[in-house]
Amino acid sequence: MARTLTFKIFRYNPYDSDSTPFLQDYKVEETQRMNLFAALNYIRDELDPTLMFDFVCRAGICGSCGMMINGRPTLACRTLTADLPEVIELLPLPYFKMLGDLSVDTGVWFRQMEENVESWIHTQKEFDPAAEEERMDNELANKIYESERCIECGCCIAGCATANVNADFLGAAGLYRVGRFMMDPRDERDEEQWFELVSTDEGVFGCIGMMACGDVCPKDLPLLEIMAYVRRKMSAAAMTK
Amino acid sequence: MSNIYTSDVLVIGAGLAGERIAVAAAKEGLKVIILSLVPPKRSHSAAAQGGMQAALGNAAKGKGDNATVHWLDTVKGSDWGADQEVARIFADNSPIAMREMAHYGVPWNRVKGGPAEYFIKGKKVTVEEDAAKEGLITARAFGGTAKWRTCYTADGTGHSVLYTMDNMAIQLGVTVHDRMEALGLIHADGVCKGAVVRSLRNGSLSSYFARATVIATGGYGRIYGHSTNAVINEGTGVSIALDTGIIPLGNMEAVQFHPTGIVPTDILVTEGCRGDGGYLLDVDEYRFMPDYEPEKQELASRDVVSRRMKEHMLKGKGVHSPYGDHLWLDLRHLGAKHLHTKLREVYDICKYFIGIDPITELVPVRPTQHYSMGGIRVNKDGHVYNMKGLFSAGEAACWDLHGFNRLGGNSLAETIVAGMVVGKQVTAFAKANPVEVSTSLARQFEERQQKRIDALYAGSGRESVVGIKRDMAEILSDKVGIFRTGEGLKEAVAEFSKLIRRADEIKVRSTIPGRNMELTEALKLKGMVKLGFCIAAGAEARKESRGAHTRDDFPARDDAGWLNRTLARWPEGAEQPELSYEPVGTIDMPPGDRGYGGGQMIPMSISVEDYNATVDELQKKNGKHETMEPINTGLKPGLWKKEVK
């Protein structure tokens, strides 16, 4: 049964001094297996060339298309219209800097986070091109990979109560990144250094445990598990201080 | 006056190749600016699932592997279209690049000693993994290879390596200007000085000057419409090189179709699906590949598997659907655990995009445009023909280890190997040459872009961006696809002659300030049509079948007439590309049978020695720069003979 969908889309252009925020309606005939990537492109190609949004991989891998879909932060490309009611409200992710309509600046926020947590392997060892690689247990490699699967879409930050009142909070994505390096034996940072970095209200003790991040993560990452791991490590470090 | 930025090295494109070059230069203390359409970690490198080929030989089924065997597979895979010296440099350096990434944090899957179960050629077998190799980087099977050689992190290899690389770039303080698009190169007297760049945030133009400029903008599969490529893969980097009028693009007609794009969304599911034992089935759920390719079966090279699939569908064995015919990929026998770990992205893609559970259901697939072997022609240092100070690497370049067909796992590996090798040359060049800031050049080249923008607003409006893209995609898919005919190609060329004029008749309707996405698309359109034209013209002119270029009127690979590389230039003011040819490079292993794919061959009419004697001179005539190390010093002549039984 073909439906006519009504998209109510947030419109605002920060580069236009005459622009004021409002919701604009667009009518779209639903097609089989339509997702929001197809629907939004249809709107821009056929109805309104001024609409702004972001897609890159359109395959749920790159994290570009996070937005609020009927009140919930998630990836637009993986959202099928068949799973939504006839009226679909699209808003940009809150918290991030607005670039226009549904487009926000997640890239600058994530780069800042990565500089803050020094999101790289800290090692004194030099790479030796002639040497065999250091050995690693395959189970550990899998565990590290598991903690590296975040695609930086920003949905967990948009859905986080703490982040929305404390702009400096690392958030689930930031703490997840910390966990990734904390469990990696190649990273030589010790407990003291980690404690300096994350044992604050902006870090792991800022989380008030509302757990929305875990609910909204489009990749179903074990955010809560990793955050608990970081908290446990830091609590233990505090005890021995 | 707009903004002017200067750096030692300007890198256009923040995928793996571009970032690896940025890292190489930053490590040497150079100031690097990367321009990117999107935040670097969203680049299309992140979407590569399967892995990277490197002859580490740690997995049991990779035992006895070495760089020579990798080189041999690569040259055969290219259908002898590759530059054999470049393929050698690649194969030799790939293991080092993998280990380096391990050092910097990539969690490669590792060897686990003891018995392991795999699906090989339709049978479940137990293989004893060597306990002495426990903990070293392991590998999986990919198409067209003699050994298991593809290093991986589950099916998120591109993601993992790109994240690690970008983290290194951040650590080294590399400046990234994201949401920026280079619209044109700034150059004078055959020397590149930088680029004119448009902000995708607010539409402003800026000029960037550098000692060395690098184009690493990836592929341009989007011109085919149906493509596994990300929506940003529209080839602006390649077309701004073409726009100089003097830089040639190599082998544009060599276009790869990947056997397993899912239907209808064209999203890729990795070759690892077949590498790990997945089957291709037809409408009768019959496994047809062993009938066509008894030896390699589902794991022949991509051009061969895609051709066989299309051939089988043309026999009426395809599955009909509202989105056209397709075949099935069967992963059910691999089991839930495998699909939830090593092929999890594949599981997610099937579930979220087509509502299919691959543990219990068949996945609809068909060959889909996937990779561009062609690109900006460079010498073995990555230095762009005819343009000093401009380098290129990765899918944007035609370095040319892929020739007419690239092996799975060789492109992702190429990004970091070329990044390493070319990065060294970029660094050396930048150290030896000054940065020449010229406000008059900046003004001149910015004005050129401003004129284009004004013209797009003032256009006749007889055509639309969407309409031209749609028509171009149809021409390319129908007439310059997997099977090509002389007649179809002639028509394609004629239609492109019209399209190129039609592209001047568009009008941008949206006049909003800031992020005008319609204008952004319109600015790219003509360049995309030019790339499509180069593909069609190159394919029409090449009267043979080689690798992914298959003509039914010239079914044989013709080593007498066509053992060469197409070069396409677009002289200023021309209405069509100008084609010329150069030798593929020095030949060490003479053309022979690939061992899969069948097909006829017309042998070389001159000796390999006579062919090789002409290479250097003819390539130089076409614009090749002197390389830092003399030509052929990267080859290891005759070593392959030991590996051919």
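Note on naming: letters A, B, ... go to the chains in the order of the sequence lines (proteins, then strands), and numbering restarts at 1 for each one. Keep in mind that the numbers below use all heavy atoms, side chains included, and drop hydrogens, waters and symmetry copies.
- Counting heavy-atom pairs closer than 4.5 Å to chain A, the top-ranked of the candidates B:Glu521, B:Arg344, B:Lys133 is B:Arg344.
- When the side-chain hydrogen bond (donor to acceptor under 3.5 Å, both in side chains) test is applied to A:Asn41, no partner is found at least two apart in sequence or on another chain.
- Using a 4.5 Å cut-off between heavy atoms, B:Pro95 does not touch chain A at all.
- At a 4.5 Å heavy-atom cutoff, the contact between A:Glu134 and chain B is made by backbone atoms alone.
- Ranking B:Leu519, B:Thr511, B:Leu162, B:Thr228 against chain A, the residue ahead of the rest is B:Thr228, based on heavy-atom pairs under 4.5 Å.
- Residues of residues 9-25 of chain A having a heavy atom under 4.5 Å from any heavy atom of chain B, listed by number: A:Asn13, A:Tyr15, A:Asp16.
- A 4.5 Å side-chain heavy-atom check between A:Pro85 and A:Asn70 finds at least one atom pair inside the cut-off.
- Judged by distance alone, with hydrogens and angles left aside, the side-chain atoms of A:Glu188 form a donor-acceptor pair with the main-chain N or O of A:Gln124 at under 3.5 Å.
- For chain A, the nearby part of B:Ile349 is the side chain; its heavy atoms alone come within less than 4.5 Å.
- Between A:Phe96 and A:Trp109, the two ring planes are perpendicular [angle over 60°; tilted spans 30° to 60°].
- Heavy-atom distances place the side chain of A:Arg180, and not its backbone, under 4.5 Å from chain B.
- In this structure the side chain of A:Val104 never reaches within 4.5 angstrom of the side chain of A:Tyr95, judged on heavy atoms.
- Under the 4.5 Å side-chain criterion, counting only non-hydrogen atoms from C-beta, A:Tyr229 is in contact with A:Met183.
- Side-chain atoms of B:Glu19 come within 3.5 Å of backbone atoms of B:Asp166 as a donor-acceptor pair (strictly under, hydrogens ignored).
- In this structure, chain B has a heavy atom under 4.5 Å from the side chain of A:Asn142, while its backbone stays farther away.
- Among A:Asp220, A:Asp137, A:Asp48, A:Asp105, the residue with the largest count of heavy-atom pairs under 4.5 Å with chain B is A:Asp105.
- Chain A forms more heavy-atom pairs under 4.5 Å with one residue of B:Met98, B:Met168, B:Gln49, B:Arg179 than with any other, namely B:Arg179.
- Of the atoms belonging to A:Asp187, not a single heavy atom falls under 4.5 Å from chain B.
- A salt bridge links B:Arg515 with A:Asp54: the distance from a Lys NZ or Arg NE/NH1/NH2 to an Asp or Glu carboxylate oxygen falls below 4.0 Å.
- For chain A, the nearby part of B:Val106 is the backbone; its heavy atoms alone come within less than 4.5 Å.
- Ranking B:Lys112, B:Glu134, B:Lys351 against chain A, the residue ahead of the rest is B:Glu134, based on heavy-atom pairs under 4.5 Å.
- Proximity of B:Met101 to B:Thr153: side-chain heavy atoms (C-beta onward) are nowhere separated by under 4.5 Å.
- In this structure, no portion of B:Thr341 lies under 4.5 Å from any heavy atom of chain A.
- Formation of a donor-acceptor pair under 3.5 Å by the B:His370 side chain with backbone atoms of B:Gly261 is not found in this model.
- A:Ala131 touches chain B through its backbone: at least one of N, CA, C or O sits under 4.5 Å from a heavy atom, while the side chain does not.
- Side-chain contact between A:Met182 and A:Arg189: absent, with no pair of heavy atoms (C-beta onward) separated by less than 4.5 Å.
- Proximity to chain B is limited to the backbone of A:Cys150, based on heavy atoms less than 4.5 angstrom apart.
- With hydrogens and angles disregarded, a donor-acceptor distance shorter than 3.5 Å links the side chain of B:Arg42 to the backbone of A:Gly63.
- For the options B:Gly158, B:Ala46, B:Pro39, B:Ser160, heavy-atom pairs under 4.5 Å to chain A are most numerous at B:Ser160.
- Taking A:Cys57, A:Cys77, A:Ala82 one by one and counting their heavy-atom pairs under 4.5 Å with chain B, the maximum is reached by A:Cys77.
- Of the possible donor and acceptor atoms, one in the side chain of B:Arg222 sits under 3.5 Å from a partner among the backbone N and O of B:Asn229.
- In summary, A:Glu115 and A:Arg111 engage in a salt bridge, as defined by a charged side-chain N under 4.0 Å from a carboxylate O.
- For B:Asn516, the side-chain hydrogen bond (donor to acceptor under 3.5 Å, both in side chains) partners two or more places apart in sequence, or in a different chain, are B:Tyr457, B:Ser510.
- No donor-acceptor pair closer than 3.5 Å links the side chain of B:Arg110 to the backbone N or O of A:Asn138.
- In terms of modelled atom types and a separation under 3.5 Å, the side chain of B:Glu100 and the main chain of A:Phe127 share no donor-acceptor contact.
- With a 4.5 Å cut-off on non-hydrogen atoms, A:Glu118 does not touch chain B at all.
- When heavy atoms are compared at a cutoff of 4.5 Å, B:Ser227 approaches chain A solely by way of its backbone atoms N, CA, C and O.
- Per-residue heavy-atom pair counts under 4.5 Å with chain B were compared for A:Glu132, A:Arg78, A:Glu148, and the maximum is reached by A:Arg78.
- With a 4.5 Å cut-off on non-hydrogen atoms, A:Lys219 touches chain B through its side chain but not through its backbone.
- Of the listed residues B:Gly105, B:Gly514, B:Pro40, B:Ala154, the one with more heavy-atom pairs under 4.5 angstrom with chain A than any other is B:Gly105.
- Interface check for chain B: of the options A:Pro129, A:Ser103, A:Gly100, A:Ala130, the most heavy-atom pairs under 4.5 Å are formed by A:Ser103.
- When each of A:Lys125, A:Lys143, A:Gln32 is checked for heavy-atom pairs under 4.5 Å with chain B, A:Gln32 comes out on top.
- In this structure, chain B has heavy atoms under 4.5 Å from both the backbone and the side chain of A:Arg58.
- Checked by atom type, the side-chain pair A:Thr81/A:Arg3 shows no donor-acceptor distance below 3.5 Å.
- Between chain B and the residues A:Phe181, A:Phe110, A:Trp120, the largest count of heavy-atom pairs under 4.5 Å involves A:Trp120.
- Put simply, the side chain of B:Trp108 does not reach to within 4.5 Å of the side chain of B:Thr138, judged on heavy atoms.
- The parts of B:Asn109 that come within reach of chain A are both its backbone and its side chain, each placing non-hydrogen atoms under 4.5 angstrom from that chain.
- Residue pairs meeting the ring-ring contact (aromatic ring centres under 6.0 Å, His included) criterion with at least one partner in residues 31-60 of chain A, sequence neighbours excluded, are A:Phe37-A:Phe55, A:Phe53-A:Phe55.
- Using a 4.5 Å cut-off between heavy atoms, A:Leu51 touches chain B through its backbone atoms (N, CA, C, O) alone.
- Of the atoms belonging to A:Thr79, not a single heavy atom falls under 4.5 Å from chain B.
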